[in-house]
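Notes follow the structure.
In this chain, residues are counted from 1 in sequence order.
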Amino acid sequence: MEQPRWDVPVVDRTEFQPALDIPPPGPQNRLTVLLRLLLLLPQYVVLWLLSIVAFVVVVIGWFGALFGGRLPGFAADWLSGYLAYDTRVYASSLLVTDRYPPFRFAAPDHPVRIELRAGGPLNRLAVFFRLLLAIPAAIVQGLLQTGWWTLSFISWLVVLVLGRMPEALFGATAAVLRYRMRFQAYLMMLTPAYPKAVFGDPVDSEPVRSATRPLVLTGAAKALLVVYLVLGVIGSAASSVTTDWNSYEDGGDTVSTTAPLER
């Protein structure tokens, strides 16, 4: 399997977007594909515990960035490591790699890697309104994830039968994973760059370093991304309608259930 080329220099850009590097799709062990979510259960528990710490660090970092104009060093380092670990676990969940993620932040030998340039100058106004500014990106990220997981059984079945992820599915899944990583990086103030390039990068945007850098998508991969977005919209609308209907139906029951407790 071809590995990412870490020795290729990065082209200077006016605005650096957090980068994701994944090798091309290769053979996967069908047994680990079959039991993927079960095998990742310990990772999910660790991630949940770390997410609590991450929330505290983000809050502290927000105050530091608001007054200092940049994320404090300790927050930038810890959150960068957390995001790298989270991305590796999520990449395994999405079946883009067969390598089990190690239980540590630094994993230079793992095929899924990210590049951040955390700790740089941040616009204080953008920091102050970060949650508000992140809403559009959060919506796109939510729709992509909802759409992918709606078709996750089919994707899982394809990889299980073929023993590898087809190119179009790999490209679309990598795009979902990369946008999620960029959204989290922006939300945690690890980058001032707003999440972009949902549908991949131009061919000549930078020297080739891995299968996802630059992320050049085929027409089939882009069509699959559109399907994810459409399914995400449908799923969100259906969930909203169901919630409203259940709230309407349960309105009277809620009162009658709690009424005997009020004495």
Side-chain angles (χ1 to χ4, degrees), residues 17-20 35-97 99-108 110 112-120 122-124 126-146 148-149 152 173 176-195 232 235-236 239 243:
Q17 286 276 342
L20 172 68
L35 304 175
R36 183 62 52 90
L37 294 182
L38 182 63
L39 293 172
L40 289 175
L41 280 178
Q43 299 281 357
Y44 298 145
V45 173
V46 173
L47 265 180
W48 177 75
L49 294 174
L50 290 175
S51 68
I52 299 174
V53 181
F55 175 78
V56 176
V57 175
V58 167
V59 171
I60 297 173
W62 182 83
F63 283 102
L66 187 62
F67 292 103
R70 65 181 64 234
L71 200 62
F74 81 92
D77 292 341
W78 197 91
L79 291 173
S80 295
Y82 168 76
L83 181 56
Y85 173 56
D86 174 85
T87 302
R88 291 193 296 268
V89 174
Y90 205 71
S92 185
S93 301
L94 299 186
L95 304 174
V96 295
T97 179
R99 283 278 299 276
Y100 194 79
F103 289 93
R104 61 179 185 271
F105 282 0
H110 195 274
V112 177
R113 298 174 63 176
I114 66 173
E115 181 181 345
L116 302 167
R117 298 179 183 178
L122 296 171
N123 185 300
R124 290 182 175 88
V127 169
F128 184 77
F129 291 107
R130 184 61 50 123
L131 289 178
L132 185 62
L133 293 173
I135 290 176
I139 293 173
V140 173
Q141 190 249 172
L143 294 178
L144 287 171
Q145 288 194 110
T146 299
W148 193 95
W149 285 104
S152 60
T173 303
V176 173
L177 178 64
R178 188 178 73 165
Y179 194 85
R180 177 181 182 272
M181 180 270 294
R182 287 180 172 179
F183 167 73
Q184 288 187 306
Y186 179 77
L187 194 63
M188 292 189 290
M189 296 162 293
L190 293 170
T191 177
Y194 203 79
S236 300
S239 177
T243 301

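Nearest heavy atom pair, residue Ala65 against residue Pro72, reads N-CD, 4.2 Å. When all heavy atoms of Tyr85 and Val46 are compared, the pair lying nearest together is OH-CG1, 3.6 Å. The two residues Leu50 and Phe105 make their nearest non-hydrogen contact at CD1-CE1, 3.8 Å.
The list of side-chain hydrogen bond (donor to acceptor under 3.5 Å, both in side chains) pairs with a residue in residues 64-84, not counting sequence neighbours, is empty. Among residue pairs with one or both ends in residues 81-97, those qualifying as salt bridge (Lys or Arg N to Asp or Glu O under 4.0 Å) are Asp86-Arg180; sequence neighbours excluded. Listed by first and then second residue, the side-chain hydrogen bond (donor to acceptor under 3.5 Å, both in side chains) pairs that reach into residues 44-58 are Tyr44-Ser93, sequence neighbours excluded.
By the side-chain contact (heavy atoms from CB on, under 4.5 Å) test, Arg124 is found to be paired with no residue, residues two or more places apart in sequence or in another chain being considered. Applying the side-chain hydrogen bond (donor to acceptor under 3.5 Å, both in side chains) rule to Thr173 yields the partners Trp148; only residues at least two apart in sequence or on another chain are considered. Considering only residues two or more places apart in sequence or on other chains, Arg36 meets the salt bridge (charged side-chain N to carboxylate O under 4.0 Å, His left out) condition with Asp98. The side-chain contact (heavy atoms from CB on, under 4.5 Å) check on Phe63 picks up Val59, Phe67, with sequence neighbours excluded. Remark: Arg178 engages Asp201 in a salt bridge (charged side-chain N to carboxylate O under 4.0 Å, His left out) (not counting sequence neighbours). Residues satisfying the side-chain contact (heavy atoms from CB on, under 4.5 Å) test with Ala185, not counting sequence neighbours, are Pro18, Leu83, Leu116, Leu190, Thr191. With sequence neighbours excluded, no residue forms a ring pair (Phe, Tyr, Trp, His ring centres under 6.0 Å) with Trp149.
Rounding to the nearest 0.5 Å places CG of Leu40 at 10.5 Å from CG of Leu35. Distance CZ/Arg99 to NE2/His110: 5.5 Å, rounded to 0.5 Å. Residue Leu177 holds its CG atom at 11.5 Å from CG of Leu95, rounded to the nearest 0.5 Å. In this structure, Gln184 CD and Tyr179 OH are separated by 12.5 Å, a value rounded to the nearest 0.5 Å.
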Exercise answer: donor-acceptor pairs, residues 129-144 side-chain atoms, under 3.5 Å, sequence neighbours excluded:
{"unit_1": "Arg130", "atom_1": "NE", "unit_2": "Ala126", "atom_2": "O", "d": "3.4"}
{"unit_1": "Arg130", "atom_1": "NH1", "unit_2": "Tyr186", "atom_2": "O", "d": "2.6"}
{"unit_1": "Gln141", "atom_1": "OE1", "unit_2": "Gln145", "atom_2": "NE2", "d": "2.7"}

Legend entry - salt bridge (charged side-chain N to carboxylate O under 4.0 Å, His left out) assessment of Glu115 paired with Arg117: CA-CA 7 Å; Glu115 181 181 345; Arg117 298 179 183 178; 3.7 Å; yes
Legend entry - Evaluation steps, side-chain contact (heavy atoms from CB on, under 4.5 Å), between Val53 and Leu49: CA-CA 7 Å; Val53 181; Leu49 294 174; over 6 Å; no
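Leu71 is listed as a side-chain neighbour of Leu79, based on a closest heavy-atom distance under 4.5 Å. Side-chain contact between Val112 and Leu20: present, with at least one pair of heavy atoms (C-beta onward) separated by less than 4.5 Å. Side-chain contact between Tyr90 and Met181 is absent, with no heavy-atom pair separated by less than 4.5 Å.
More than 12 non-hydrogen atoms from other residues, nucleotides or ligands lie less than 6.0 angstrom from CZ of Phe74. More than 12 non-hydrogen atoms from other residues, nucleotides or ligands lie less than 6.0 angstrom from CZ of Phe103.
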